[in-house]
Amino acid sequence: MSNRRRDFIKLAGLGFVGAAIPGFSQAESPERLYQLSRKTHLQQFNMSGYAAPKLPTVRVGIVGLGMRGPGAVDRLSKIEGVEIKALCDLIPERVDKMKAKLTGSKHQPAGYYGSAYAWKKMFDRNDLDLIYIATPWDWHTPMAVYAMEAGKHVAVEVPAAKTLEECWQLVETSERTKKHCMMLENCCYDFFELMTLSMKRDGFFGEIIHTEGAYIHDLLWLNFMKDSEGGYQDMWRLKENFRDGNLYPTHGLGPVCQIMDINRGDQMDYLTSLSSHDFHMAAKARELAEKDNFYASFAEKRYGGNMNTTIIKTKKGRSIMIQHDVTSPRPYSRLHTVSGTQGYAQKYPEPKISKGHDWLKVEEMKALEEKYTPEIVKKVGELAKQIGGHGGMDFMMDWRLIDCLRNGLPLDQDVYDAALWSAITPLSEWSVANRSNSIDIPDFTGGSWKTNKPVEITLKGGGTTKVIV
Ligand SMILES: NC(=O)c1ccc[n+]([C@@H]2O[C@H](COP(=O)([O-])OP(=O)(O)OC[C@H]3O[C@@H](n4cnc5c(N)ncnc54)[C@H](O)[C@@H]3O)[C@@H](O)[C@H]2O)c1
């Protein structure tokens with residue numbers, strides 16, 4: 001272990017976060033992870049329900065302009081009250097390309113590039129309110145922490161953190177600086193997910209007993225695509241697959257946690273996790289390496305299991321199952337299954353809903369959709385579909401974030417959600433490595449889950465931000 005890393009762990013162990021430690025996140029030791037899973041948190045300030053002062057104009061800096069970032073630039077440029085003031089990427093051409101796209105608009109961002117730390121200069125500017133992060137995972141927490149320390153709110157792509165150490169850093173920094181740290185869990189804003197949240201609030205499901213979520217997406221080809229041919233920068237996503245656990249839990253978890261009021265009425269207690277062996281990745285790497293030396297080093301690696309299943313028990317005795325498989329030939333699915341005492345809903349493979357033990361017919365489903373369409377969908381749903389981003393959910397997420405900041409409203413996803421949903425990965429890795437033994441899930445809210453209010457699904461106090469089309 002490097003001296004710098006040792007010092008960092010020492011400091012974090014004392015509950016001191018201080019200035020951000022720049023650089024890649026590195027896996028913590030299993031002993032340290034276990035210790036942090038049982039950490040008791042003395043909340044400095046409750047960020048759940050926290051409303052920061054209104055920002056009529058939200059001045060944004062965006063970092064990471066690969067496959068994901070440019071869409072965010074485009075969406076944010078279509079929201080009233082947003083000023084895109086700065087863009088950053090390691091690769092200069094990516095910054096120049098986005099600047100060129102904004103030519104003629106009111107957005108004239110400055111560009112930052114050329115070094116792995118150019119973003120720090122951007123974050124240090126005193127005319128930015130929000131830093132929007134769409135980089136590889138290693139950078140998420142170091143950048144988010146630095147941004148909050150520099151007085152900016154943060155919106156960070158999924159997952160917000162890779163280690164438990166980082167999850168705690170996010171929580172402690174957000175509480176101390178009173179800066180929002182929202183993880184950009186866009187699936188919370190998909191249409192069916194929002195409808196089921198609205199149904200839950202109306203008591204449609206009765207008591208929720210069990211939910212399921214997943215990220216099942218055949219991305220074997222994309223993981224192995226060279227970055228020079230349009231793949232992930234420096235093959236970062238393939239390298240993440242050297243780990244064994246549930247690597248991408250938040251798309252499935254976010255929506256069901258909101259439905260179960262996790263962090264806001266119930267809390268995760270412990271989990272157990274199991275992975276299959278790897279039947280795809282090493283084989284693919286070896287196959288590619290036979291023809292192309294570029295893949296030689298990948299052919300020597302050990303990869304995590306292809307299908308991971310993680311099960312979570314909550315303090316109130318309910319259960320959640322989360323799966324992850326990005327290599328097998330299977331239909332795309334996030335499951336989104338909600339099972340209650342009085343009703344049931346599933347999104348995949350096709351939407352099905354029951355009231356009691358009776359399955360609803362297509363016309364009844366349609367009527368239900370009308371009844372339970374939340375205000376956000378009525379307000380910007382159609383425009384969101386036109387603007388796009390995973391069918392519209394990305395735009396609804398960005399619009400809601402900006403509308404909350406402009407109207408001084410609490411965000412739908414706070415730092416406790418970012419930390420908890422991201423923490424499932426390192427915790428699942430520990431469980432997989434320990435024959436699926438259970439491990440505690442830390443309470444990042446320091447007990448305030450008992451009184452925190454459920455996430456708001458009306459636009460009360462907001463909904464005023466226009467869409468510029
Ligand atoms: N929510 C979603 O639906 C969704 C979908 C896709 C990706 N994502 C997330 O978006 C993020 C980015 O994914 P991607 O597919 O765009 O990857 P990518 O590799 O295409 O892009 C990452 C970009 O970050 C840049 N970068 C790397 N290190 C940097 C640094 N130190 N400073 C500045 N720029 C740096 C790279 O040059 C690259 O342009 C990931 O966190 C991913 O999980 C989320």
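Worth saying up front: this structure is predicted, and the values here are computed from it rather than measured. Just so you know, these numbers use all the heavy atoms, side chains as well, and skip hydrogens, waters and symmetry mates. Note that ligands are numbered from 1 as they come in the structure, with each ligand's atoms numbered from 1 the same way.
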Measure the distance from [atom] to every protein heavy atom, then report the residue, atom name and distance (to 0.1 Å) of the closest one.
atom                    : value
atom 37 (O) of ligand 1 : Asp89 OD1, 2.6 Å
atom 40 (C) of ligand 1 : Thr135 O, 3.3 Å
atom 31 (N) of ligand 1 : Ala116 O, 3.0 Å
atom 27 (C) of ligand 1 : Gln233 OE1, 3.1 Å
atom 33 (C) of ligand 1 : Leu90 N, 3.4 Å
atom 16 (O) of ligand 1 : Arg68 N, 2.8 Å
atom 15 (O) of ligand 1 : Tyr232 CE2, 3.3 Å
atom 21 (O) of ligand 1 : Gly66 CA, 3.3 Å

Would you mind telling me which of Met183, Glu157, His140 makes a side chain to side chain contact (heavy atoms under 4.5 Å, CB included) with Ile133?
-> His140
Should Asp124 and Tyr146 be marked as a side-chain hydrogen bond (donor to acceptor under 3.5 Å, both in side chains) after you check the CA-CA gap, both sets of side-chain angles, and the distance that decides it?
-> CA-CA 9 Å; Asp124 283 339; Tyr146 192 96; 3.0 Å; yes
Tyr50 and His180: ring-ring contact (aromatic ring centres under 6.0 Å, His included), yes or no, with the steps?
-> CA-CA 8 Å; Tyr50 171 67; His180 289 300; 5.6 Å; yes
Sole candidate of Glu175, Gln267, Arg264 that passes side chain to side chain donor-acceptor pair (under 3.5 Å) when paired with Tyr416 | Glu175
Element-labelled atoms of ligand 1 that are located less than 4.0 Å from some non-hydrogen atom of [X]:
X      : value
Ala134 : 11 (C), 12 (C), 22 (C)
His140 : 41 (O)
Val63  : 33 (C)
Gly64  : 24 (O)
Ile91  : 37 (O)

Look at atom 30 (C) of ligand 1 and find which of Met143, His251, Glu157 reaches it with the closest heavy atom.
-> Met143
Ligand 1 to [X] polar contact by distance, N or O atoms, under 3.5 Å:
X      : result
Pro136 : no
Val158 : yes
Trp137 : yes

CA sep, side-chain torsions, deciding dist, call: Lys179, Glu149, salt bridge (Lys or Arg N to Asp or Glu O under 4.0 Å) | CA-CA 9 Å; Lys179 290 294 160 196; Glu149 297 286 4; over 6 Å; no
Taking the side chain as C-beta and beyond, is there a heavy-atom pair between [X] and [Y] under 4.5 Å?
X      : Y      : answer
His324 : Ile424 : no
Val154 : Val145 : no
Leu184 : Asp398 : yes

Could you tell me whether the side chain of Lys379 and the main chain of Gly463 form a donor-acceptor pair under 3.5 Å?
-> yes
Between Lys200 (side chain) and Asp261 (backbone), is there a donor-acceptor pair under 3.5 Å?
-> no
Dump the intermediate steps for side chain to side chain contact (heavy atoms under 4.5 Å, CB included) on Glu212 and Ile320, then the final yes or no.
-> CA-CA 6 Å; Glu212 296 172 7; Ile320 306 173; over 6 Å; no
Measure Trp139 to ligand 1 on non-hydrogen atoms and call it side chain, backbone, both or neither using the 4.0 Å cut-off.
-> side chain
For ligand 1, indicate whether the residue His390 contacts it via side chain, backbone, both or neither (heavy-atom separation under 4.0 Å).
-> side chain
Flag the pair Phe395 / Trp399 as yes when their ring centroid distance falls below 6.0 Å, and as no otherwise.
-> no
Closer than 4.0 angstrom: is that true for some heavy atom of Tyr248 and an atom of ligand 1?
-> yes
